[in-house]
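Contents: one structure, followed by commentary.
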Number of protein chains: 2
Amino acid sequence: MAKANKNQDTEGEILEAAKNVFQKKGMDGARMQEIANEAGINKAMLHYYYRSKQLLFDAVFSNAFSLLAPELNKVLNDDSSIEEKVKNFTSNYISFISKHPYLPNFIIQELNRNPKFFEKIQKNAAFPTLEKFNNQVANEVKKGILKPIEGQQLFINIISLNIFPFVATPLIKGLLDIDDKGFKQLMEHRKVAVSEFIINSIKK
Amino acid sequence: MAKANKNQDTEGEILEAAKNVFQKKGMDGARMQEIANEAGINKAMLHYYYRSKQLLFDAVFSNAFSLLAPELNKVLNDDSSIEEKVKNFTSNYISFISKHPYLPNFIIQELNRNPKFFEKIQKNAAFPTLEKFNNQVANEVKKGILKPIEGQQLFINIISLNIFPFVATPLIKGLLDIDDKGFKQLMEHRKVAVSEFIINSIKK
DNA sequence: ATATTTGTTAACCAAATGGTTAAACCATAA
DNA sequence: TTATGGTTTAACCATTTGGTTAACAAATAT
């Protein structure tokens, strides 16, 4: 009873199309017909493979979070010093986001729309935890490497500084009165500027 | 031909109801019927006063931005030093947001959905500009009050640190594994922690 | 070969949704 | 009092939308 397979990964093409549409327009703004068009197939296929809009969305969402989680884990669970972590994360994250520009906003938005999504995610394998990071910060503070700061606050600061500009891109472009090119330059500059900013603040 | 006025500000009640629904659910997720229910009136009234969903939304959106703009202007256009500005903004902003919890996310989200909204806003009276702030930063850097930093980058950092936690509340609550109460405490702490963090970084 | 399972499509359906209409309501001016 | 004009409502409408169905196509198993 081997898998009958006329299709060469229709299921994957659907997921890819759904990703594009959902991440651009969100759950409420997305249309099943548009996803079908994007995938170049009949609308009924979406239901054949994923049963409902909600389930298709869930698949896209879990997938998206699975991409982001390892990025967060880089800050939280490797063995380098806090300073190194900040530097690595800050420069890597911006490159990462360039490849997935809609990702952070998508996750944040849909989590706002329905906070219960977090439960689905928490079961996920590589779900990030703060424990190690908090301990490490407390430790480096005690040793006098860092000025006094709570791990939680530092963590929020790091992700705020790195993620926010990509979540609020149109706002920032508007306020700073810059175009696409200007924005890219600014973000390029931030790869070092942000980690400098953070290190300046916390290093003794 | 005085204005016949059986209604005591139905128009205002509609706007208030629309604000609640739109800010919670966004343009796509909001339903005209729900807005009518929230306002306790007939759905036709929405169209009587605002013609279409789009126009009603525009009214809510402009209104929302008119609330946020003065907050930004506090950082940009008063006469205090950069250090004072950072301190004031950081502590005031968090109090402000508590009164309008859905506001920042609403603006950012809808601006992402349709970046052309910015044009509508730019015509707005108190639209914030960065010129003065940039000059002031350059000036204080030259005088040796601040470490070298670009005004634009500092501005992005300030709003990132202040706004992001409120835009990504569910994400942060999930990652830090805290509840509503814990989140409020954390934000309360940030009123001083954030300005300290910034000042530590930039002050010579 | 042919029966059976899997993949795909066009046509269809019911519910939801933004918007309209025509009639009723009500305060005020005459 | 009554004519007038803004205000409000219930019923209605056309379109959109997520989802279903029944028939057809293509593999695979026997």
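Proteins get letters first, then strands, A, B, ... in listed order; numbering begins at 1 in each. Every heavy atom of this structure was used, including side-chain atoms; hydrogens, water molecules and symmetry mates were not.
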Handout entry: salt bridge (Lys or Arg N to Asp or Glu O under 4.0 Å) against B/K85, all qualifying residues, sequence neighbours excluded
Key =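 If we apply the salt bridge (Lys or Arg N to Asp or Glu O under 4.0 Å) test to B/K85, skipping adjacent residues, the hits are B/D78.
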By ring-ring contact (aromatic ring centres under 6.0 Å, His included), which residues pair with [X], not counting sequence neighbours?
| X | value |
| --- | --- |
| A/F118 | A/F127 |
| A/F89 | A/Y93 |
| A/Y48 | none |
| A/F65 | none |

Exercise for the section: Verify the neighbour count for atom CG of B/D177: are there more than 12 heavy atoms of other residues, nucleotides or ligands below 6.0 Å? Expected result: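 Open.
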For residues 22-29 of chain B, dump all side-chain donor-acceptor pairs below 3.5 Å to protein atoms at least two apart in sequence or in another chain.
from, atom 1, to, atom 2, distance (Å)
B/K25, NZ, B/E34, OE1, 3.3
B/K25, NZ, B/E34, OE2, 3.3

Practice task
Answer yes or no: does a side-chain N or O of A/S52 lie under 4.0 Å from OP1 or OP2 of D/dG18?
Solution key: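 Checking D/dG18 against A/S52, no side-chain N or O comes under 4.0 Å of OP1 or OP2.
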Problem - Phosphate-side-chain proximity, A/T10 and C/dG7, N/O vs OP1/OP2 below 4.0 Å - result: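 Answer no for this pair, as no side-chain N or O of A/T10 is under 4.0 Å from OP1 or OP2.
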Which atom pairs link the protein and nucleotides 9-13 of chain C when you take only N or O atoms and keep those under 3.5 Å?
from, atom 1, to, atom 2, distance (Å)
C/dT9, OP2, A/N42, N, 3.2
C/dA10, OP2, A/N42, ND2, 3.4
C/dA10, N7, A/N42, ND2, 3.1

Could you tell me the separation between the [atom1] atom of [X] and the [atom2] atom of [N], rounded to a whole number of Å?
| X | N | atom1 | atom2 | value |
| --- | --- | --- | --- | --- |
| B/H47 | D/dT7 | NE2 | P | 17 Å |
| A/Q54 | D/dT17 | CD | P | 18 Å |
| A/N37 | D/dG18 | CG | C1' | 15 Å |
| A/D9 | C/dT8 | CG | C1' | 16 Å |
| A/L46 | D/dG19 | CG | P | 10 Å |

Practice task
Could you check which of D/dT8, C/dG7, C/dG19 has an atom nearest any side-chain atom of B/K53?
Solution key: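 Nearest to the side chain of B/K53 among the choices is C/dG19.
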Practice task
Quick one: do B/N92 and B/N88 satisfy side-chain hydrogen bond (donor to acceptor under 3.5 Å, both in side chains)? Show the steps, please.
Solution key: CA-CA 6 Å; B/N92 288 343; B/N88 284 331; 5.1 Å; no
Exercise for the section: If a pair satisfies salt bridge (charged side-chain N to carboxylate O under 4.0 Å, His left out) and one of its residues is in residues 52-72 of chain B, list it, with sequence neighbours excluded. Expected result: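 Qualifying pairs, neighbours excluded: B/D58-B/K120, B/E71-B/K74.
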Problem - Dot-bracket notation for DNA chain C, counting Watson-Crick and G-U pairs under 3.5 Å, with | for partners on another strand - result: ||||||||||||||||||||||||||||||
Exercise for the section: With a 4.0 Å heavy-atom cut-off, tell me which residues in residues 19-35 of chain A come close to DNA chain C, sorted by residue number. Expected result: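 Heavy-atom contacts with DNA chain C come from no residue of residues 19-35 of chain A; none.
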Exercise for the section: Please list, chain by chain and in numerical order, all residues satisfying side chain to side chain donor-acceptor pair (under 3.5 Å) with B/N37, sequence neighbours excluded. Expected result: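 Side chain to side chain donor-acceptor pair (under 3.5 Å) list for B/N37, sorted by chain: B/Q33.
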In a table with atom names and distances, give each donor-acceptor pair under 3.5 Å that connects a side chain of residues 145-152 of chain A to protein atoms at least two apart or in another chain.
from, atom 1, to, atom 2, distance (Å)
A/E150, OE2, B/H189, ND1, 3.4

